Amino acid sequence: MSVSRAAMGILSLTAGLFASTAAWADGEVNIYSYRQPDLIKPLLDAFTKETGITTNVLFLDKGLVERIQAEGANSPADVILTVDISRLTEAKDAGVTQPVVNETINKDIPAHFRDPEGNWFGLTTRGRVVYASKDRVTENDITYEELADPKWKGKICTRDGQHSYNIGLFASMIAHKGEAETEKWLTGLKNNLAKKPDGGDRDQAKAILAGECDLALGNTYYVGLMMTNEKEPEQKEWAAAIKVLFPNAKDRGTHVNISGMALAKNSPNKDNALKLMEFLSEGEAQKIYAEQVFEYPVLPGAEPSDVVKSFGTIKPDELPLADIAANRKKASELVDKVGYNDGPQD
Ligand SMILES: [Fe+2]
């Protein structure tokens, strides 16, 4: 997408946050985030409380890398927060990150959740699970492969096939099964869709409540966010209509992806950026990620929330994240090739 398109989005979304360059002073850290402001606010509030360092958040829904590239050496970006291994590797490959070698962070984050050169770090994981109608689905276990079984014709809802959450899952299928098998599978899944892919993961639970479909693909943490949503209590009903099935629990495990962080290449507040990165990898922040965002913390020994535990125990697919990132492009091409976003044939 163009930089100007991204910049326009930024102007409308962040007016007041990045109000003036005079505000760039010691005691601040600037965060460029693909993560929704609501989700990271409790973490940043805790960081400010502990350190006195103010956080400025620039939320983008696209074009984060292009934005930092366009800003060049004068970029105010200190820390990049994002979801999805592909976006983290994309930031590294685009040259907008710099390596971090930090004892605290490396002690907290297991090696398989971070770039060997320190250009990005995973902070949490999330499973891409099946939301199933409590009323209409008797099965209590399922595989991703079974989603292509004609018995589910007209019964499945998902968001856009090109969304990074689906691309991550489809890329993992390619890594496990090869491209030809995955194309067959994706065609089967497309033919089982109840309607054209649309909305976010939570909307699929809403569609299950409405009786539009029986199964959906969704991330684990959205279930916790819906169950506890006081601002939009109708979401509690969406969550109450579904049960969480962990696909492939009996064989290779459930596909997981990460959210993570990176140090921006020209970070003007590098000391504060490193303090924030250390903070996010340590116990207090990992607990907030678990209890308030309903993700799985990466810190060894940190527990998921009771809400998330109530879904059952996840057995994560051990496929290296690099294999998912490596198959992303092929997955995206397959989504177009099978016409996934056109929805069911008839
Ligand atoms: Fe999300």
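Everything quoted here is computed from the prediction, not taken from an experiment. Start at 1 and go down the list; that is how both ligands and their atoms are numbered. What you see below is based on every heavy atom in this structure, not just the backbone, and it leaves out hydrogens, waters and symmetry mates.
- For the Fe ion (ligand 1), protein N, O or S atoms closer than 2.8 Å were enumerated as Tyr165 OH, Tyr221 OH, Tyr222 OH, with waters left out.
- Between Ser281 and the options Leu276, Val298, Ile109, a side chain to side chain contact (heavy atoms under 4.5 Å, CB included) holds for only Ile109.
- Shown here are the side-chain contact (heavy atoms from CB on, under 4.5 Å) partners of Asp149, two or more places apart in sequence or in another chain: Lys151, Trp152.
- For residues 118-131, the salt bridge (charged side-chain N to carboxylate O under 4.0 Å, His left out) pairs, not counting sequence neighbours, are Arg126-Glu295, Arg128-Asp201.
- Side-chain contact between Ile258 and Trp120 is present, with at least one heavy-atom pair separated by less than 4.5 Å.
- Applying the side-chain contact (heavy atoms from CB on, under 4.5 Å) test to Glu146 and every residue at least two apart in sequence or in another chain returns Ile142, Thr143.
- Sparse packing is recorded around NZ of Lys265, with 12 or fewer heavy atoms of other residues, nucleotides or ligands lying under 6.0 Å away.
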